[in-house]
Amino acid sequence: MFENFKKIIVTLGIVLFIALLLLPTPEGLTRAGQNSFAVFILCLTLWISSVIPLSITSLLGIALIPLLGVLELEQTFALFGNKAIFFILGALILAAGIYQTGLGSRISFLLLKNFGQGPKRLLISILLTSAFLSCIMPEHAVAALLFPIIIEIATTLELEPLQSNYGKLLFLVMAWGAIAGGITTFLGGARNLLAVGLLEKNFSGLSIGFFEWIKYSWPMPTIILIVIYFMIEHYFEIDIDDISAAHRKLAKDMKKRGPMSKIEWRLTIVLVSVIFSWLFLSRWIDIAIIAILGAVASFVAGVVEWQDIEDYINWGVILMYGGAIVVATSLVQSGATEWLSQAVFSNLELSPRVFLGFLAIFTMLVTEGVSNVAAVAIVLPLAYSVGNIYGINPIIITLSVALPGGLAFTLPMGSPPNAIAFSSGFYRVKDVVKLGLLLMFVSWLAYLITSNLYWPLLGLEIMS
Amino acid sequence: MKKVMVLLFSFAELDKVINHSFNLLNDDDELEVVAIVGEEVSSSLSHLITDVGFLGDKVSSDVEDAVVNEYQDRAEKSLERITDRAEVDSQHLEVEKLTKISLDELKDKLVRDDIDHLVINYTEDQFLSNEVLDYDFNEFLSNINMPYEVYFDGELSKTNN
């Protein structure tokens, strides 16, 4: 069924692409603007359908934009050299170190062993460990790192797939923690930085720093985690009383690891220095420079070697993010979004708050079906165009797409943590649809509370 | 003497399937259990980890190894349970564990071994059923005369009894 759906989407994309290239331009829209729509629609359908890798779609976009005269060649390639790309590069090298040295697993074991005494406490520990780690490394990597540990816990407790509700919850809270935690910093999901990259490219002089992002984002994951905590405490059926076997197993595994190795200590020093610098020195040293220096330091300290980096990172990520920035920015720079906002959206009679509410829920729905990055790359340029009409602060628009854009709680295809949790075989998709929708609603409420009550306290007003 | 064959593609919620299979047997009857255990996971999972999550092949293979080990472990435990039950019930039992084999081979085996009754437990796990355990028996079942029951993860879905 999905294969047919993909074929329809791609066919539609190709037809619209050709039609837009051949049709005469409407009044007010330049040929470059119309061609940029054509490229955007083609890339959008390819990103949604994933018939070719996401990064190759981005590469196609980079090639088509100068080819079709949307932007000059030099201008196009200059957009690719965005500082967001270099931040992602540095942050991923550091994340590879956390994964590869075993420091991430050690932190997980330590937190789970010490805080997860009863069945409910263990679930809450997994939730918080997953959320915490997703603040310092990509949420996908956190899920991959925790998965073998959770599998081991489930096996030790002799939990039966599909029968044990506790088994199902172990994997779900792992994924939910990673997803909620992943929106908190730039490190949890590089889409956050993609959004900031688009903001910087499209609105000269505007940006969101590392510390500022956390300042704006933290209430949303906090509210979501509190709600999940209450669900664990009061709502979920916990069909196991004794998890002491899991504790013994965790303690044994921890003992087997021995004390922290020299490499883990060196990585810890590098990480603490980098995070300190991101938080407190970013006014003087750009966060991308800090990330790159951190990556270099991890090499110099012997924490990682190039082969490790190749094993733990898919460098297609650079093409994906670079391409997404190029395609989305070309819409704005060619005047396409301005034309769209005047021609299509100027007659909308929505209040800015209602529009932002719709924008958040729309992005959440999109991100359930396509990757988080693609969701941000698809929705944000269009949101900027509508935001222009209302005079909405572009920083608010950026946050209103990027934060909900990371919150795919239901379907495996929306987010790798969901896919990894699902692969345990402890539940089926139909078992989590209701819970996923409930969390989507909770996330939306968390967004409304944060945007309407908290951001104004920081001086972040809806209208620019 | 009657021969009942159980094809296990899923090891989740097996109780109903095992109970039903043993209930079909009389004293001299024989039960043959074939467990199909994949040695790989669906490419969808690695696509989601590497192409969507942009993590490297090592991360993807770590997750895949954990999944495959878990499934093989479940298969072992399930077969042990069935063997124990056969011992208690003094039933003649043959157990075979197969990695992915061709559907035609499996159909040939069903015909060749003179099976009198067939019980299948499929999985609803899309990651496994669509690619790794791609066994569609629908056409085969419609052309055979033997009684059969088809379960999905322990839930009865189809029978010709």
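Excluded from the calculations below are hydrogen atoms, water molecules and symmetry mates; all remaining heavy atoms, backbone and side chain alike, are included. All chains are named by letter (A, B, ...) in the order of the sequence lines, taking the proteins before the strands, and each is independently numbered beginning at 1.
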Asks: Answer with side chain, backbone, both or neither: which region of B/Asn69 has an atom nearer than 4.5 Å to a non-hydrogen atom of chain A?
Replies: neither
Asks: Rounded at 0.5 Å granularity, tell me how far OG in B/Ser10 sits from CG in A/Leu162.
Replies: 6.5 Å
Asks: Check the pair A/Leu92, B/Phe54 against side-chain contact (heavy atoms from CB on, under 4.5 Å), reporting the backbone distance first and the verdict last.
Replies: CA-CA 10 Å; A/Leu92 285 176; B/Phe54 292 111; 5.8 Å; no
Asks: Within the supplied structure, the quantity of interest is the number of heavy atoms (other residues, nucleotides, ligands) at a distance under 6.0 Å from B/Glu96 CD; does it exceed 12?
Replies: yes
Asks: Of the listed residues (A/Pro138, A/Ala141, A/Pro417), which shares the most heavy-atom pairs with chain B below a 4.5 Å separation?
Replies: A/Ala141
Asks: Using heavy-atom distances under 4.5 Å, tell me whether A/Tyr99 contacts chain B through its side chain, its backbone, both, or neither.
Replies: side chain
Asks: Could you measure the distance from the CD1 atom of A/Ile151 to the CD atom of B/Glu70? Nearest 0.5 Å is fine.
Replies: 4.0 Å
Asks: Let me confirm one number: the CG-CD1 distance from A/Asn314 to B/Ile49, rounded to the nearest 0.5 Å.
Replies: 12.0 Å
Asks: Looking only at heavy atoms, which two atoms of B/Ala12 and A/Pro161 are closest? And how far apart?
Replies: CB-O, 3.9 Å
Asks: Taking CD in A/Glu158 as the centre, count heavy atoms belonging to other residues, nucleotides or ligands within less than 6.0 Å. Is the count above 12?
Replies: no
Asks: Looking at CD1 of A/Ile420 and CG of B/Leu55, how far apart are the two atoms once the value is rounded to the nearest 0.5 Å?
Replies: 7.0 Å
Asks: Kindly determine whether A/Phe147 and B/Val67 satisfy side-chain contact (heavy atoms from CB on, under 4.5 Å), including the steps that lead there.
Replies: CA-CA 9 Å; A/Phe147 183 73; B/Val67 173; 3.6 Å; yes
Asks: If you measure from CG on B/Leu48 to OG on A/Ser423, what distance do you get to the nearest 0.5 Å?
Replies: 10.0 Å
Asks: Donor-acceptor pair, A/Asp311 side chain versus B/Lys58 backbone, under 3.5 Å?
Replies: no
Asks: Crowded around A/Phe86 CZ? As in, over 12 foreign heavy atoms under 6.0 Å?
Replies: no
Asks: Has B/Asp28 got more than 12 heavy atoms of other residues, nucleotides or ligands less than 6.0 Å from its CG?
Replies: no
Asks: Can you name the side chain to side chain donor-acceptor pair (under 3.5 Å) partners of B/Arg85, sequence neighbours left out?
Replies: B/Asn19, B/Asp89
Asks: Do A/Gln163 and B/Leu14 pass the side-chain contact (heavy atoms from CB on, under 4.5 Å) test, and can you show the C-alpha distance, the side-chain angles, and the key distance before you say yes or no?
Replies: CA-CA 10 Å; A/Gln163 285 177 29; B/Leu14 266 190; over 6 Å; no
Asks: Can I get a per-line list of side-chain donor-acceptor pairs under 3.5 Å for residues 50-58 of chain A, giving both atom names and the distance, sequence neighbours left out?
Replies:
from    : atom 1 : to       : atom 2 : distance (Å)
A/Thr57 : OG1    : A/Pro53  : O      : 3.4
A/Ser58 : OG     : A/Leu54  : O      : 3.4
A/Ser58 : OG     : A/Met320 : O      : 3.2

Asks: Would you mind checking which part of A/Glu160 comes under 4.5 Å of any heavy atom in chain B, side chain (CB onward), backbone (N, CA, C, O), both or neither?
Replies: side chain
